2 protein chains.
Amino acid sequence: MINNIQRYISLSEEEKNYLNSICSIKHLHRGDHLLQEGAVCRYDAFVLEGSLKGYIIDPVSGREEILFLAIADWWACDLESFHSQTASSMNITAITPATVALISHSAFNELLERIPKLEKYFRIILQNHAAALQTRIYLRNAQDAKSRYKTFLQKYPALNAAIPQYLIASYLGISAEMLSKIRAQKD
Amino acid sequence: MINNIQRYISLSEEEKNYLNSICSIKHLHRGDHLLQEGAVCRYDAFVLEGSLKGYIIDPVSGREEILFLAIADWWACDLESFHSQTASSMNITAITPATVALISHSAFNELLERIPKLEKYFRIILQNHAAALQTRIYLRNAQDAKSRYKTFLQKYPALNAAIPQYLIASYLGISAEMLSKIRAQKD
DNA sequence: ATTATTTCTTGAACCAGTTCAATTTATTTC
DNA sequence: GAAATAAATTGAACTGGTTCAAGAAATAAT
């Protein structure tokens, strides 16, 4: 996590120690929930190992709509619920056994007061995140299913390797069956 | 703009004056470009009056894919191009005559150094923006065209009133013809 | 190692939404 | 306020993708 932060700002030893002191490490089994629908998102989680999915369960069909997939070196949280400390409509669950570093909401706010330059770090990763989400919307609207899958493979080979195909399909807004058929096409 | 900022942080008179001093006001005619594909996004623009669209022209079909719509009190910029000062693949154009307040890239960086608490403001609006984009992706994948339109009407009545229907259709990932038919259905 | 569970595949029927084309209605612009 | 342009509507033909169902392959659990 510290390496990730230091890609954008530099930290003193003291600051690193402080950061370490406020994070708690949690191990998740496959299927364990980091956040459940209806609960408040209490932690911002930085993924150290394994993979997680963020999704909403369709109240009618009961199907999972994948919002995001997260592997090592990514943050995973419901931004809105975490920052306003209100009930989330999202679930975050471990796809595989996973290890995450957790920062509670109060520790997060204190952290930003103690080390104000972290505002900059979070602003920058949010900028990148927003730009990526914008691109995802564009691709969803502009490209057909096959192109979206190809673009995904090119852009996120690590995600593709780590995550079951039917979850990738949902992430891309494609049915699992369609993605299977796309893969079967030679090309 | 200052009112918008003060929803999240408070500014002294001096800070307000400084902010005013670095912004330039620009009037746009209908159809004027704030940013053209291939150019670097030099300014972060805060919309004071009128409406703008951000879009990508499909290299194959030549059609506009709407990325975002902006009216008064919204920021409009290509985040990635602005922050890395690299060529944008996006266009930003005035839909109606519009007035915007512009902050150049260098002034933006200087601003954040001079008034560090603005990092917090921009972090928060980016948080909200990212959460909204996430929701847009979810709705795109989970709901059919009619539901998406209804959700849009409920969520952004001001946008709906200000923006031509065929641009809203593109924003929602619907054809203009389909949206017209949806509107014709007596609910 | 075996069993249980999850994930992936394939085919057939179907349908939500697109495309194309032609017309009508609004809105600009001079 | 007429002419020009932009925006919205409607219908018919089509298609990219979904849904359903059933079986095969892969992975996890004990």
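From a predicted model like this one, the values you see are computed outputs, not experimental measurements. Every chain is numbered from 1 and lettered A, B, ... according to where its sequence line falls, protein lines coming before strand lines.
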Tell me whether A:Lys117 is salt-bridged to B:Glu119, with the criterion being a basic N under 4.0 Å from an acidic carboxylate O. no
So which nucleotide does D:dC14 pair with, by the Watson-Crick or G-U wobble rule with both distances under 3.5 Å? C:dG17
Nucleotide of D:dT10, D:dA7, C:dT7 approaching B:Ala184 most closely (side-chain heavy atoms): D:dT10
With distance as the sole test, does A:Ser88 use its side chain to make a donor-acceptor pair with the main-chain N or O of A:Glu37 at under 3.5 Å? no
For B:Ile95 and C:dA26, give me the distance from atom CD1 to atom P, rounded to whole Å. 21 Å
Tell me whether the OP1 or OP2 atom of C:dT9 has a side-chain N or O from A:Gln165 closer than 4.0 Å. yes
For B:Tyr171, is the NZ or CZ atom of B:Arg148 found under 6.0 angstrom from the centre of its six-membered ring and inside 45 degrees of the ring axis? no
Expected string for nucleotides 13-30 of chain D under the B/S/- scheme (protein heavy atoms, under 4.0 Å, primed atoms plus P, OP1, OP2 as sugar-phosphate) is ----SBBB--------S-
Geometric cation-pi criterion B:Lys155 and B:Phe152, 6.0 Å radius, 45° cone: no
Would you please indicate yes or no on a ring centroid separation below 6.0 angstrom for A:His105 and A:Tyr43? no
Can you confirm whether or not the ring centre of A:Phe122 sits under 6.0 Å from the ring centre of A:Phe108? yes
Return the value, rounded to whole Å, for the distance between atom CD of B:Gln185 and atom P of D:dT9. 12 Å
May I have the distance from B:Ile163 (atom CD1) to D:dA7 (atom C1'), rounded to whole angstrom? 14 Å
Check this one for me: any side-chain N or O of B:Tyr166 less than 4.0 Å away from OP1 or OP2 of D:dA8? no
